[in-house]
A.B. asks: 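Please read through the structure below; I'll follow up with questions.
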Amino acid sequence: MNKNDSELMSLSLEKHGFRASGSPLDADIAVYNTCSVREHAENRVISRIRSHRKRMRDRGGIIVIAGCMAQRIGEQLIAAGTADMVIGPYQSPDIGSLVSRYLAGRERHSFLSQEQGDFSDRINPDLVRSVEGPEWHRWVTITHGCENYCSYCIVPFVRGKLISFPSGRILDYIRLLAANGAREITLLGQNVNQYGTDTGDIPFYRLLESSARVPGIERINFITSHPKDFIEEILHVIRDHSNISRSIHLPLQSGSDRILGLMNRGYTVGDYLRIIEKINALLPDYAVSTDLIVGFPGETEEDFSETLRSVERIRFDDAFTYAYSPREGTPAFSLPETLTRDEKISRLERLIALQREISRGRLRERIDRVEDTIIEGFSKKSDDRVRGRTYLNHNVVVRGSGDDIGKKIRIRIDGVIGATLRGTRIA
Ligand code: SF4
């Protein structure tokens, strides 16, 4: 989502006459679009900004901090002299006019309103022709904000309430993208399954279906799904449209019902397993990836063992695993931590080792299968090989050239090297 926001910010700055500099160190205005989900990321970016700031100060350059960290601690960043301007997620797509106004008068430096009237839209047809990234793949933000209040998560506080963009405008935008060469899109939202529940617009599965019908779109991905809102109709739409990715990202977070309750996730492990059974029954081929947090306050060895058991049972293709880190301002921040950092890391390492073994096994199961793949670029190791992703979101390397980039090709999987499939082109 931040990548899409950054594209919108670049567009806005260009519209107001700013030009991208060759390097951040040469820039007169440095813009940091920040994430606030983890403390570690915030600390890293703050130290980076501080060293950048020292170099800029002599030249009279300015530092703008945008995004979720700006929303969370923007006034502190200004008071500490870390930033000249802070712009929250509501207004960041309008950054060009805000920076222009700041430069003209140098008076207002903080734009952190979360009033409806200050919200800048994410569907901007001008973006169709102006991004620097690959033309064949484009991000499409369908919702902004989240009201699920998972107890560990800062997002509802920094991004605000759920705002679904009108389906008609989203679909017009996707048609425009397709007409301008996009072949793959990724629908984005903190919880895409809640699309339309705030506005009474069509439900997510209908939006997915209509997106899949846009001529020229060869693959649609969507992130992120929330298990509590993942209804069977979504699977029917995936089953009936071959251009929807078969890779479903479904964050489980914990294998313990007690911890899921403390996390305010709104489902049990049993509910989650029922979704996996439905996926299994309805889709002949699929991949499931997940997010898992270990060391949530109060997590016992038995709770953690339940997470390991769930991972063994479900056999995720991939898992993004994290040691819990408290975020000030979230409900879980007040819960007493019951594990040391070392204990959390030790659990995390056990989980990663298990998942790595399962991921390897899942990849090996692909050998001899024929898979459609969209080629994304050259292989890092060789100029006569290209890399892409299958419809199950597995990385694959195959012999090819620059002409293949952005195209769909059919390959037979021959083997696995590390976390990557190796294939032979058959069409
Ligand atoms: S669904 Fe939960 S974890 Fe995801 S953004 Fe919303 S509050 Fe955060």
Side-chain angles (χ1 to χ4, degrees), residues 1-5 33-42 67-72 88-90 92 114 119 122 139-165 186-199 203-204 221-231 234 248-269 271-272 275 288-297 299 307 310 316 318-335:
M1 193 163 283
N2 260 10
K3 283 186 184 175
N4 190 212
D5 283 355
N33 190 18
T34 58
C35 175
S36 212
V37 167
R38 295 183 56 75
E39 190 179 13
H40 184 59
E42 276 194 0
C68 294
M69 186 177 79
Q71 189 68 43
R72 200 177 81 79
Y90 261 49
S92 62
Q114 291 187 316
F119 182 73
R122 262 61 179 175
W139 308 104
V140 180
T141 300
I142 64 169
T143 67
H144 184 274
C146 180
E147 289 167 79
N148 290 310
Y149 293 97
C150 301
S151 64
Y152 51 82
C153 182
I154 195 74
V155 169
F157 304 96
V158 287
R159 287 218 172 231
K161 67 188 180 77
L162 174 71
I163 301 172
S164 301
F165 305 127
T186 301
L187 304 179
L188 296 171
Q190 307 296 341
N191 172 5
V192 289
N193 311 143
Q194 273 182 324
Y195 175 81
T197 54
D198 55 323
T199 55
F204 173 67
N221 317 287
F222 54 96
I223 43 176
T224 294
S225 287
H226 194 309
K228 77 179 173 59
D229 301 307
F230 195 92
I231 57 174
I234 299 170
I248 298 170
H249 185 68
L250 200 60
L252 171 62
Q253 305 298 14
S254 170
S256 153
D257 285 344
R258 198 178 67 80
I259 297 297
L260 287 175
L262 289 172
M263 288 176 165
N264 192 31
R265 289 289 288 171
Y267 55 86
T268 64
V269 177
D271 296 331
Y272 191 97
I275 299 173
V288 178
S289 57
T290 200
D291 297 335
L292 294 161
I293 298 171
V294 302
F296 190 80
E299 183 191 79
T307 297
S310 297
F316 296 108
D318 202 0
F320 298 88
T321 52
Y322 307 91
Y324 171 76
S325 86
R327 303 301 289 124
E328 198 173 351
T330 61
F333 188 72
S334 59
L335 296 176

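Counting convention: from 1, in listed order, for ligands and their atoms alike.
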A.B. asks: What's the shortest heavy-atom distance between Pro89 and Gln71, and which atoms?
C.D. replies: CD-OE1, 3.4 Å
A.B. asks: May I ask you to decide whether Arg258 forms a salt bridge with Glu299, counting only side-chain N to carboxylate O separations under 4.0 Å?
C.D. replies: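 No, Arg258 and Glu299 are not salt-bridged.
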A.B. asks: Which of the atoms of ligand 1 are close to Val155, meaning less than 4.0 Å from one of its heavy atoms?
C.D. replies: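 Within the 4.0 Å cut-off of Val155, ligand 1 contributes 5 (S).
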A.B. asks: Considering heavy atoms of the protein only, find what lies nearest to atom 8 (Fe) of ligand 1 and give residue, atom and distance to 0.1 Å.
C.D. replies: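 Heavy-atom neighbour on the protein nearest atom 8 (Fe) of ligand 1: Cys153 SG, 2.3 Å.
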A.B. asks: Taking the six-membered ring for Trp, are Phe119 and Tyr90 parallel (under 30°), tilted (30 to 60°) or perpendicular (over 60°)?
C.D. replies: perpendicular
A.B. asks: For atom 3 (S) of ligand 1, find the nearest protein heavy atom and state the residue, atom name and distance (0.1 Å precision).
C.D. replies: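 I find the closest protein heavy atom is Tyr152 OH, 3.6 Å.
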A.B. asks: Within the 4.0 Å heavy-atom shell around Tyr149, which atoms of ligand 1 are there?
C.D. replies: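 Answer for ligand 1: 7 (S).
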A.B. asks: Distance under 4.0 Å to a non-hydrogen atom of Pro156: what atoms of ligand 1 satisfy this?
C.D. replies: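 Per the distance check, 7 (S).
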A.B. asks: Side chain of Ser164, backbone of Gly196: donor and acceptor closer than 3.5 Å?
C.D. replies: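 Side chain of Ser164 to backbone of Gly196: a pair is present.
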A.B. asks: With a cut-off of 2.8 Å, does any N, O or S atom of Cys150 fall short of it relative to atom 6 (Fe) of ligand 1?
C.D. replies: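 So Cys150 does not count as coordinating atom 6 (Fe) of ligand 1.
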A.B. asks: Around atom 6 (Fe) of ligand 1, find the nearest protein heavy atom and jot down its residue, atom name and distance.
C.D. replies: Cys146 SG, 2.3 Å
A.B. asks: Would you say Arg265 touches ligand 1, if touching means a heavy atom closer than 4.0 Å?
C.D. replies: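 In this structure, Arg265 qualifies as a contact of ligand 1 - some heavy atom is under 4.0 Å.
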A.B. asks: Taking the six-membered ring for Trp, are His226 and Tyr267 ring centroids under 6.0 Å apart?
C.D. replies: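 For His226 and Tyr267, the ring centres are under 6.0 Å apart.
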A.B. asks: Using a 4.0 Å cutoff against the non-hydrogen atoms of His226, which atoms of ligand 1 qualify?
C.D. replies: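 This gives 1 (S) as the contact atoms.
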A.B. asks: Mind listing the closest non-hydrogen atom pair of Ser254 and Thr307 along with its distance?
C.D. replies: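 That closest heavy-atom pairing would be OG-OG1, 3.7 Å.
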A.B. asks: Closer than 4.0 Å to some heavy atom of Gln190 - which atoms of ligand 1 meet that?
C.D. replies: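 This gives 5 (S) as the contact atoms.
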